[in-house]
Amino acid sequence: MLHVRLAPGPAPRNLSRRWDSSAYLHSWCSVPCPSRLSLSRAYSIKSSSIGSATGLCLGQCCRIKPLSCKCKLGRSSQPPPDSRQHFSASSSASEAVLTAQSDIRKLFVANEKIGVLLLNLGGPETLDDVQPFLFNLFADPDIIRLPRAFRFLQKPLAQFISVARAPKSKEGYASIGGGSPLRQITDAQGEALMEALCGKDIPAKVYVGMRYWHPFTEEAIEQIKKDGITKLVVLPLYPQFSISTSGSSLRLLESIFSCNVREDEYLVNMQHTVIPSWYQREGYIKAMTTLIEKELLKFPKPQKVMIFFSAHGVPLAYVEEAGDPYKAEMEECVDLIMEELEKRGMANPCTLAYQSRVGPVEWLKPYTDETIIALGQRGVKSLLAVPISFVSEHIETLEEIDVEYKELALQSGIKHWGRVPALGCEPTFISDLADAVIESLPYVGAMAVSNLEARQSLVPLGSVEELLAAYDSKRDMLPPPVIVWEWGWTKSAETWNGRAAMLAVLALLVLEVTTGQGLLHQWGILPPFP
Ligand SMILES: C=CC1=C(C)c2cc3[nH]c(cc4nc(cc5[nH]c(cc1n2)c(C)c5CCC(=O)O)C(CCC(=O)O)=C4C)c(C)c3C=C
Ligand SMILES: [Fe+2]
């Protein structure tokens, strides 16, 4: 069990759009926001161990030598964590600012070395990387949930699916230049963040740890260790929390820490804090709104444009069975952006849908492709696509949205199409990330220092731990069956066909693994039977 100190959560919102997966269009309603897991806080834990990554120090100004850094101390205008508010609520003023300054100054007096670990998904850099990258992704139990009895099949199944999917994926990566731009963009964001922190008088080194490709999180932790970082802020680059993204990376960190706990004194003394999600931050919301505003103005009639938020989907069971807050956070995020747009005098209609589903199970609805067709049928003529779940350009913006969905939209009767670029290194956004890091600093190691049990795990008590615990307790369960059987080529039939195919694949794999004979061995995908 961990001790964790939570910063106060966002103030309750009293304006909320009612999101209903059966409806494509949403309207304002004055109902209180439903209670939900609030993860948008900084959690402090003293970790038992920490380790590696790619450092991005830009040089002179940001060297991890706080006292000789040319950054001036005491200019920070960040409120301390205890006084943090939801951005639409008013924040208390100068007293809070002073407390923050003195908290942060204390870190310098103690001559700490501050590190920021950016967590991201990673992407194949060449076409040859695609299949091994997919293997890493599908071998992650937070991506493919096998029943406990079938866990031994996780890797053979990952091998099978990655080989089967690689040709289609390769086509996609080939069409965007032969690889994912994710590493380059994330590195650039890391550099920009380091500069922004330095500009706010916080010398820190930024590391990038990817989940499924280079630079891997393990490498980042090794580098952090080599650099002797003493206080680490863990910042997943996903605005909204999902078990499948930030959750998976945090679980990996947890396992790295607990593997090292007995043998590594440095990691035992390392203190860190996690910022699990930050979709509600003022700078992020404003930066997104500004990007949307700019693109709207490119349409012939900006006020008539349907703003079409397209989020990466997750299987429905993550939300409904495992308590993933992803959908709730996504909906609130869209509400906040739309509120900000309204404040700026724009009252466009909007829609939220989910893209990029993979495999035979049901995913969050409405689906992006079906929604585009429905909007076309309803006579919508102008559509502005807004990728909302990720802050870098990647295959799903550059290929799926820009090519596939655009084509579908034009075929569906939409005449004017636009797409909002991903945030990348947009200055307001980067500056806000730097603020998030600074606000979390006083929490680093604040609560768990004297708690031995805190050394056992990264995932803190409170919302995140509850969330992951709930997920763990359900992860053996397959998604609920489709209860109403419909005849014909329906979604229900598709789902059942998919499940039947999945079971058949599993049965074949069991046979192969137990007998050592079959196609996968013949093709050299599985090693020869001992
Ligand atoms: C918030 C963002 C993302 C969520 C949630 C997410 C869940 C999720 N993804 C898959 C399967 C695949 N994802 C792939 C690539 C990929 N996914 C995201 C983001 C989220 N995924 C990113 C940023 C990328 C990398 C893109 C790049 O430029 O390299 C892929 C590989 C690409 C492809 O073949 O389509 C797969 C497969 C699942 C199953 C899942 C939830 C369980
Ligand atoms: Fe994905």
Side-chain angles (χ1 to χ4, degrees), residues 118-127 129-146 157-158 160-186 189 210-214 236-249 251 276-279 309-319 321-322 324-327 329-330 333 354-364 368 387-404 422-424 471 475 479 498 502:
L118 298 180
L119 297 175
N120 210 338
L121 189 127
E125 287 167 79
T126 67
L127 294 184
D129 297 341
V130 171
Q131 186 272 325
F133 159 78
L134 289 174
F135 172 84
N136 292 339
L137 188 139
F138 290 118
D140 178 359
D142 284 310
I143 290 284
I144 292 196
R145 305 181 310 150
L146 286 183
L157 187 62
F160 180 81
I161 302 176
S162 61
V163 169
R165 191 176 171 85
K168 182 172 181 275
S169 276
K170 275 187 188 177
E171 260 179 48
Y173 284 108
S175 77
I176 61 164
S180 169
L182 215 50
R183 181 177 190 164
Q184 262 179 308
I185 299 173
T186 314
Q189 287 169 326
M210 301 291 198
R211 182 66 181 87
Y212 306 119
W213 205 246
H214 300 280
L237 274 181
Y238 307 93
Q240 307 85 9
F241 184 97
S242 167
I243 291 165
S244 60
T245 54
S246 311
S248 166
S249 280
R251 201 184 288 283
S277 68
W278 37 269
Y279 65 91
F309 292 94
S310 188
H312 197 301
V314 294
L316 188 64
Y318 282 50
V319 173
E321 291 174 23
D324 196 334
Y326 182 70
K327 180 171 181 278
E329 294 199 357
M330 192 61 72
C333 178
Y354 296 90
Q355 66 176 81
S356 318
R357 58 192 191 274
V358 184
V361 298
E362 200 177 355
W363 284 53
L364 277 184
T368 294
I388 182 75
S389 45
F390 208 59
V391 292
S392 313
E393 297 296 347
H394 62 294
I395 191 165
E396 280 136 10
T397 54
L398 300 171
E399 205 273 328
E400 204 171 344
I401 298 185
D402 287 354
V403 181
E404 291 178 33
L423 281 165
Y471 170 57
R475 64 192 306 172
M502 187 83 150

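Numbering of ligands and ligand atoms starts at 1, following listing order.
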Q. Which ligand 1 atoms does Trp363 reach within 4.0 Å, using its non-hydrogen atoms?
A. 38 (C), 39 (C), 40 (C), 41 (C)
Q: Considering non-hydrogen atoms only, spot the tightest contact between Glu399 and Ser175 and give its length.
A: CG-OG, 3.3 Å
Q) Of all the non-hydrogen atoms in the protein, which one sits nearest to atom 35 (O) of ligand 1, and at what distance? A) Arg165 NH2, 2.9 Å
Q: Indicate, as side chain, backbone, both or neither, the part of Glu396 found under 4.0 angstrom from ligand 1 when only non-hydrogen atoms are considered.
A: side chain
Q. Any side-chain heavy-atom pair from Ser389 and Tyr354 closer than 4.5 angstrom?
A. no
Q) For atom 1 (C) of ligand 1, which protein heavy atom lies nearest, and how many Å away is it? A) Ser389 O, 3.4 Å
Q. Identify the closest protein heavy atom to atom 29 (O) of ligand 1: which residue and atom is it, and at what distance?
A. Tyr173 OH, 2.6 Å
(Q) Test your reading of the model: is there a side-chain donor-acceptor pair from Gln355 to the backbone of Glu400, 3.5 Å cut-off? (A) no
Q) Looking at Val314, which atoms of ligand 1 are within less than 4.0 Å of one of its heavy atoms? A) 5 (C)
(Q) I need the atoms of ligand 1 closer than 4.0 Å to a non-hydrogen atom of Ser180, numbered in the order shown. (A) 27 (C), 28 (O), 29 (O)
Q.
So does Ala158 get a backbone contact from the side chain of Ser162, meaning a donor-acceptor N/O pair under 3.5 Å?
A. yes
Q: Find all atoms of ligand 1 within a distance of less than 4.0 Å from any non-hydrogen atom belonging to Phe138, and give their numbers and elements.
A: 37 (C)
Q: For ligand 1, note which part of Leu134 has a heavy atom under 4.0 Å away: side chain, backbone, both or neither.
A: side chain
Q | Short side-chain donor-acceptor distance under 3.5 Å, Ser277 and Gln240 | A | no
Q | Reference residue Tyr212; test side-chain contact (heavy atoms from CB on, under 4.5 Å); the match among Leu134, Asn120, Ile143 | A | Ile143
(Q) Checking the side chain of Thr397 only, and the main-chain atoms of His394 only, is there a donor and an acceptor separated by less than 3.5 Å? (A) yes
Q: Any chance you could lay out the side chain to side chain contact (heavy atoms under 4.5 Å, CB included) test for Trp213 and Glu125, step after step, and finish with the verdict?
A: CA-CA 9 Å; Trp213 205 246; Glu125 287 167 79; 3.7 Å; yes
**Q.** Tyr354 heavy atom under 4.0 Å from ligand 1
**A.** no
Q) Under 4.0 Å from ligand 1, counting heavy atoms only, is it the side chain of Pro315, its backbone, both or neither? A) side chain
Q | Residue, atom name and distance, where the atom is the protein heavy atom closest to atom 30 (C) of ligand 1 | A | Leu137 CD1, 4.0 Å
Q. Is there a donor-acceptor pair under 3.5 Å between the side chain of Tyr238 and the backbone N or O of Leu121?
A. yes
Q) Identify the closest protein heavy atom to atom 34 (O) of ligand 1: which residue and atom is it, and at what distance? A) Ser169 OG, 2.3 Å
Q. Relative to the heavy atoms of Gly123, which atoms of ligand 1 are at a distance of less than 4.0 Å?
A. 29 (O)
Q.
Give me the residue, atom name and distance of the protein heavy atom closest to atom 26 (C) of ligand 1.
A. Ile395 CG2, 3.4 Å
(Q) Give me the nearest non-hydrogen protein atom to atom 24 (C) of ligand 1 as residue plus atom name, then the distance to 0.1 Å. (A) Leu121 CD2, 3.3 Å
Q) Which of the atoms of ligand 1 are close to Tyr318, meaning less than 4.0 Å from one of its heavy atoms? A) 42 (C)
Q: Might you point out which heavy atoms bring Ser169 and Val130 nearest each other, and give the distance in Å?
A: CB-CG1, 3.7 Å
Q.
Test your reading of the model: is there a side-chain donor-acceptor pair from Asp129 to the backbone of Thr126, 3.5 Å cut-off?
A. yes
Q) For atom 19 (C) of ligand 1, which protein heavy atom lies nearest, and how many Å away is it? A) His312 CD2, 3.4 Å
